[in-house]
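Below, each value reflects all heavy atoms present in this structure, side chains not excepted, and no hydrogens, waters or symmetry copies.
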Amino acid sequence: NKRSSRLQINLTGPTAIGTAKNEFNVRLPKVEYVSFPFGDIDGVIGASVGFKAMKGENATGTGAVVIELQNQKVSY
């Protein structure tokens, strides 16, 4: 029973300047979940989800993975 969907991961830190926060975002337009067995994870019942990224369509009509970083560094 494979299911596909999009996956978005947003990590937000403290306020950097004004109301802007440090952020790291990853967007995968299409992923296929290949396994999601239930079991004990650190003493709590949970699921460990396995997936693979697929070429999919995003809002611009392309299959690109999007990675965004917002912080106070000018360069690396």
Please lay out, stage by stage, how I67 and F24 fare under the test side-chain contact (heavy atoms from CB on, under 4.5 Å). CA-CA 8 Å; I67 298 175; F24 180 74; 3.7 Å; yes
How long is the straight-line distance from [atom2] of [Y] back to [atom1] of [X], given to the nearest 0.5 Å?
X	Y	atom1	atom2	value
N22	L69	CG	CG	8.0 Å
N25	Q8	CG	CD	6.5 Å
K21	L11	NZ	CG	13.5 Å

Please list, chain by chain and in numerical order, all residues satisfying side-chain contact (heavy atoms from CB on, under 4.5 Å) with I45, sequence neighbours excluded. none
The criterion is side chain to side chain donor-acceptor pair (under 3.5 Å); which residues satisfy it with Q70, sequence neighbours excluded? none
